[in-house]
Chemist: 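My questions will all concern the structure given below.
The structure presented is a predicted model; accordingly, all values stated were derived computationally and were not measured. Throughout, protein chains are lettered first and strands after them, A, B, ... in sequence-line order, and every chain is numbered starting at 1.
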Number of protein chains: 2
Amino acid sequence: MDDLTEMLKGTLEGCVLEIIGSEETYGYAITRRLNELGFADVVEGTVYTILLRLERNGLVQVTKRPSGVGPPRKFYALNDAGREELARFWAKWQYLSSRIDRLKEGGR
Amino acid sequence: MDDLTEMLKGTLEGCVLEIIGSEETYGYAITRRLNELGFADVVEGTVYTILLRLERNGLVQVTKRPSGVGPPRKFYALNDAGREELARFWAKWQYLSSRIDRLKEGGR
DNA sequence: CCCGCTACTCAGTGATACTGTGTACTGGTA
DNA sequence: TACCAGTACACAGTATCACTGAGTAGCGGG
């Protein structure tokens with residue numbers, strides 16, 4: 001697949017929110033999960049910047065726990081603001097994708 | 001609807017390509033068309049920067065014609081490179097939206 | 001003892017949509 | 001005549017985001 005970078009803007013953060021919302025997890029695992037899901041070129045650096053932004057914006061609750069196989073992990077869970085943001089994300093995605101699909105079908 | 005700006009990155013240009021591909025048209029009319037289609041907050045300045053980029057990247061053929069109701073219009077039509085780029089856009093959109101929808105449905 | 005895997009941080013880059021301002025042509029109207 | 005609204009385009013500057021690349025560090029195996 002061609003480069004999806006530009007198209008991911010605004011959606012990748014939502015994907016990370018969705019993953020965190022379904023299960024408390026940490027950056028390294030989120031990256032693997034995204035790769036599994038078909039976001040093949042997403043690398044750790046990208047995910048960590050998103051996670052730091054989510055934390056700075058007060059959308060997540062963070063817990064540091066030892067790992068056993070490496071350095072300690074920072075586990076992320078959505079708080080109320082995070083759940084609201086996630087709902088807004090899906091509403092926007094729904095809105096956008098319906099308009100695009102309509103345009104694709106000849107756009108009346 | 002909330003601000004779609006970030007989510008439009010990478011897709012708005014594709015939408016403009018699609019509009020041009022379906023009919024030779026000009027910037028002011030493209031803006032109106034996008035607004036009709038539900039891209040309510042897209043303004044002329046945004047569309048013109050996209051059109052100039054398409055021209056610079058050699059994806060369109062441009063013809064200036066007098067208007068009768070105002071200054072002359074720059075009509076845009078896709079050339080072969082533009083049609084290829086449009087096909088790539090739809091392939092990327094298809095790819096991305098299928099992954100996102102899968103993630104939304106619980107993501108297995 | 002190094003190497004690979006795990007795990008996170010951060011400064012800098014590039015692309016994109018957007019903002020605001022300016023220019024300019026036309027027709028209507030006060 | 002003067003002004004204004006609608007049409008039509010250009011362009012410099014801004015913000016945001018995904019990405020790059022380099023660095024730090026813990027753990028286990030050969």
Chemist: Give a yes or no on whether the backbone of B:Glu55 and the side-chain of B:Tyr76 come within a donor-acceptor separation of less than 3.5 Å.
Modeler: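 Not a single qualifying donor-acceptor pair exists.
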Chemist: Assess whether a salt bridge exists between A:Lys104 and A:Asp101, defined as any Lys/Arg side-chain N lying under 4.0 Å from an Asp/Glu carboxylate O.
Modeler: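 So A:Lys104 does not pair with A:Asp101 through a salt bridge.
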Chemist: Within the structure shown, what part of the strands sits under 4.0 Å from A:Leu51 by heavy-atom distance: base, sugar-phosphate, or nothing?
Modeler: nothing
Chemist: D:dC9 phosphate, OP1 or OP2: any side-chain N/O from B:Tyr48 under 4.0 angstrom?
Modeler: yes
Chemist: Which of residues 6-17 of chain A sit near DNA chain D, with a heavy atom under 4.0 Å from it?
Modeler: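 A:Leu8, A:Lys9, A:Gly10, A:Leu12, A:Glu13 - these, ordered by number, are the residues of the stretch whose heavy atoms sit under 4.0 Å from the strand.
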Chemist: Is the side chain of B:Asp3 donor-acceptor paired with the backbone N or O of B:Thr5 at a distance under 3.5 Å, no angle test?
Modeler: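 Side chain of B:Asp3 to backbone of B:Thr5: a pair is present.
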Chemist: For DNA chain C, whose closest nucleotide is more 5', that of B:Val43 or that of B:Asn57?
Modeler: B:Asn57
Chemist: So does A:Ser67 get a side-chain nitrogen or oxygen closer than 4.0 Å to the phosphate oxygens (OP1/OP2) of C:dT6?
Modeler: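 For C:dT6, neither OP1 nor OP2 has a side-chain N or O of A:Ser67 closer than 4.0 Å.
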Chemist: Give the rounded distance in Å between these two atoms: CG of A:Asp3 and P of C:dT13.
Modeler: 19 Å
Chemist: Distances for protein N/O vs nucleotides 21-29 of chain D N/O pairs under 3.5 angstrom?
Modeler:
{"from": "D:dC27", "atom 1": "O3'", "to": "A:Gly68", "atom 2": "O", "distance (Å)": "3.3"}

Chemist: Assign B:Thr46 to base, sugar-phosphate, or nothing according to its heavy-atom contacts below 4.0 angstrom with the strands shown.
Modeler: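 Base, at least one base heavy atom under 4.0 Å.
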Chemist: Counting distance only, does the side-chain N/O of B:Asn35 pair as donor-acceptor with the main-chain N or O of B:Phe39 below 3.5 Å?
Modeler: yes
Chemist: When you measure from the side-chain N and O atoms of B:Arg53 to the phosphate of C:dA17, is any distance below 4.0 Å, counting only OP1 and OP2?
Modeler: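 For C:dA17, OP1/OP2 do have a side-chain N/O of B:Arg53 under 4.0 Å.
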Chemist: Please find the pair of heavy atoms, one from B:Ala29 and one from B:Thr25, that lie closest to each other, and give the distance.
Modeler: CB-OG1, 3.5 Å
Chemist: Please work out if B:Leu52 contacts a base, only the sugar-phosphate, or nothing of the nucleic acid, heavy-atom cut-off 4.0 Å.
Modeler: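 Sugar-phosphate, no base atom in range.
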Chemist: Set out, in order, the CA-CA distance, both residues' side-chain angles and the distance that settles side chain to side chain contact (heavy atoms under 4.5 Å, CB included) for B:Leu51 and B:Val60, then state yes or no.
Modeler: CA-CA 9 Å; B:Leu51 290 171; B:Val60 289; over 6 Å; no
Chemist: Taking 4.0 Å as the cut-off, does a side-chain nitrogen or oxygen of B:Lys74 come that near to OP1 or OP2 on D:dA10?
Modeler: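 Answer is yes, contact under 4.0 Å.
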Chemist: Examine distances only and state if a side-chain atom of A:Tyr26 and a backbone atom of A:Arg65 form a donor-acceptor pair shorter than 3.5 Å.
Modeler: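 Between the backbone of A:Arg65 and the side chain of A:Tyr26 there is no qualifying donor-acceptor contact (under 3.5 Å).
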Chemist: Can you check the A:Asn35 CG to D:dC19 P distance for me, whole Å?
Modeler: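 Those two atoms, CG and P, are 11 Å apart.
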